S.K.: 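I have a structure I would like to understand better, so I am pasting it below and will then ask my questions one at a time.
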Amino acid sequence: MATQEDRLKDIIGHAKEYGFVFPSSEIYDGLSATYDYGQLGAELKNNIKNYWWKAMVQMHENIVGLDAAIFMAPQVWKASGHVDAFNDPLIDNKDSKKRYRADVLIEEHIEKIRQKNNKEVEKGQKRFGDAFNEHEFRTTNPTILRREEEITGIENRMRDALTNDKLDDLKLLIEELEIVCPLSGSKNWTDVKQFNLMFSTELGSVSGESSKIYLRPETAQGIFVNFLNVQKSGRMKIPFGIAQIGKAFRNEIVARQFIFRMREFEQMEMQFFVRPGEEGKWYEYWKDYRIKWHKALGFSENAYRFHDHIKLAHYAKAAADIEFDFPMGFKELEGIHSRGDFDLKQHEEFSGKKLRYFDPELNESYIPYVVETSVGLDRMFLAVLSQSYKDETLEDGTTRVVLSIPPALAPYKVAVLPLMKKDGMPELAREIIDGLKFDFNCQYDDKDNIGRRYRRQDAIGTPFAITVDQESLIDKTVTLRERDSMKQERVPIQDLYRIIDEKVNMRNLLVG
RNA sequence: GCGAGAGUAGCUCAGUUGAUAGAGCUCCACCUUGCCAAGGUGGAGGUCGCGGGUUUGAGUCCCGUCUCUCGCUCCA
């Protein structure tokens, strides 16, 4: 019995061996936690995107797509809260190995000084009794004044260091204040490092004339800033949604666990704009719709669970995750968030443009509320791959590795195999492919014996294999072999399209 | 950043006390076979992560360094 960790290793190895996922820049020893999708991975990824897009956009006449740029005006990230909320100066204590936010350490130190002053006030109160005037005491007592001055000095220096990115000064301050690690009690600190959630780059070719812009950390803001464009040009009526699939970038301190957490990743997001007061109804609707979308793939019901957030992000009113049973355990796969009017309101304020919707039914205009659904595409890919991967022992004692990928998502739908490489069988096989290739991704293989070729197709998740033999040349029938059951049946060549289409068409997933 | 582990053929790995770098699978060619990982013959493929040191001699011992993986700190 393989452990879960072994299982993940096997999947990673399998993904590499068959061209699903490669470590990035491998010939240069790789780049930490960065991966490239290979020939089969690109197919699988496209099919997942397609499934999502069809389910969200094509199946909902009030949802439309968008493809906003990765670069956006820097003010966008001020408005969204990303610039301020995710810029942390971090420092490590070398003895306890604990990491702290440098500004928090200093603030805690300041708080201690304040406590001392408070004690001083208490003492004064005891001494002077009813005649005690706290305001007068605080503004005249020399000890308190000295400490207040000290606090102001520290605060000014800290603010200066933070706003001007003077990280050395921040460390110096911590050393001068003789701040100790709460755990180890030591003053053995590393240098202060700035950990920004967002990657930045320079816009403009000449340095000095250039300006700093960010790589987007989520696709959602592209949707919000285009809210009016889409609403007006598409004559959208509330409730309506805007969907986007695209890359996002987050400078995670630790990016780990294969493609689960990467610094460059792809999101499939939909922002649904609703009338204020109706957000609860839609939040429930999307929770229900999204879990059905996942379950339609036919994996175990037990592989999914909801996790409701108790601690909410700065913008959220309610939030739930759909968690999936990955090889590393249950982890977040998708988030459904009720964002209220936070984002549009912020952009109204920062841009000075009205981002409102005139509701003819209510005869009033308002900032719509937003319900968001956001799936990690790479996580979805890992979910499909890990649930599909099976190391089977067959009745005859032999083993096979099979990827039971839902047929509609499989990279190749059908493999066509001439039993022998002679007597016109390869030619007939090619003919069959020519008839099917407009509708299905096909693969031709005439190498090695037939059993081996079946196993190869199992390993990449091809749902059907068609074998052309001597008889086929005479009566135009072939053997159709199904991946999961390994069952074979004799079918006329002219029926192939219908039989295959029935199984691999995405319609099967979309009808639920 | 800290701690632990790893790095030898495309993949999985072996390599003893320091003495000519190996196996299986894969890949290529040919022969045999023909519906579930067949057999045979031949062939390709390695600066043993990199750099020093010890030694007559280093994949192996010593020092340094790089990279990856796992754990911890962060997380919408």
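Reckoned from all heavy atoms, side chains included, excluding hydrogens, waters and symmetry mates. What you see is a predicted model, and the numbers here were worked out from it, not measured in a lab.
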S.K.: Report the base-pairing partner of B/G7 (Watson-Crick or G-U wobble, both distances below 3.5 angstrom), or none.
M.R.: B/C66
S.K.: If B/C36 has a Watson-Crick or G-U wobble mate with both distances under 3.5 Å, name it; if not, just say none.
M.R.: none
S.K.: For a quick check of understanding: with a heavy-atom distance under 4.0 Å over all strands, which category does A/L31 fall into, base, sugar-phosphate or nothing?
M.R.: sugar-phosphate
S.K.: Write down the distance separating the C1' atoms in B/A9 and B/U17, rounded off to the nearest Å.
M.R.: 27 Å
S.K.: C1' atom, B/U54 versus B/G18: distance in rounded Å?
M.R.: 12 Å
S.K.: Could you work out which one of B/A76, B/C35, B/A37 sits closest to the side chain of A/Y18?
M.R.: B/A37
S.K.: Taking the same atom, C1', in B/A58 and in B/G53, what whole-Å distance lies between them?
M.R.: 11 Å
S.K.: Would you classify A/K447 as touching base, sugar-phosphate or nothing, given that sugar-phosphate means primed atoms plus P, OP1 and OP2, and contacts are heavy atoms under 4.0 Å?
M.R.: sugar-phosphate
S.K.: Base, sugar-phosphate, or nothing for A/E17, non-hydrogen atoms under 4.0 angstrom?
M.R.: nothing
S.K.: Using the P atom as the point on both nucleotides, what is the distance between B/U67 and B/C75, in whole Å?
M.R.: 27 Å
S.K.: Is there a Watson-Crick or G-U wobble partner for B/G22 with both distances under 3.5 Å, and if so, which one is it?
M.R.: B/C13
S.K.: Report the residue (A/M420 or A/R400) whose heavy-atom-nearest nucleotide on RNA chain B is the more 5′ of the two.
M.R.: A/M420
S.K.: Can you establish whether the number of heavy atoms outside A/F71 located under 6.0 Å from its atom CZ is more than 12?
M.R.: no
S.K.: Measure distances between side-chain N and O atoms of A/S32 and base N and O atoms of B/C68, and say whether any donor-acceptor pair falls under 3.5 Å.
M.R.: no
S.K.: In the structure shown, which nucleotide is the Watson-Crick or G-U wobble counterpart of B/A29, with both distances under 3.5 Å?
M.R.: B/U41
S.K.: In terms of side-chain heavy atoms, does A/H294 have a donor or acceptor partner in A/E334 at a distance below 3.5 Å?
M.R.: yes
S.K.: NA contact type, A/R453, heavy-atom cut-off 4.0 Å: base, sugar-phosphate, or nothing?
M.R.: base
S.K.: With heavy atoms under 4.0 Å as the rule, sort A/D458 into base, sugar-phosphate or nothing.
M.R.: nothing
S.K.: Using the C1' atom as the point on both nucleotides, what is the distance between B/A21 and B/U8, in whole Å?
M.R.: 8 Å
S.K.: Among A/Q346, A/K345, A/R339, exactly one meets side chain to side chain donor-acceptor pair (under 3.5 Å) together with A/D343. Which residue is that?
M.R.: A/R339
S.K.: Can you tell me how far P in B/G39 sits from the matching atom in B/U33, rounded to whole Å?
M.R.: 16 Å
S.K.: Identify which nucleotide among B/U69, B/C35, B/G71 has an atom closest to any side-chain atom of A/Y35, counting heavy atoms from C-beta outward.
M.R.: B/U69
S.K.: Quick one: look up who B/G59 pairs with, Watson-Crick or G-U, both distances under 3.5 Å, and put none if it's unpaired.
M.R.: none
S.K.: If you look at every strand shown and take non-hydrogen atoms under 4.0 Å, does A/A248 touch a base, only sugar-phosphate, or nothing?
M.R.: nothing
S.K.: Which heavy atom of A/D321 sits nearest a heavy atom of A/G335, and at what distance?
M.R.: OD1-CA, 3.9 Å
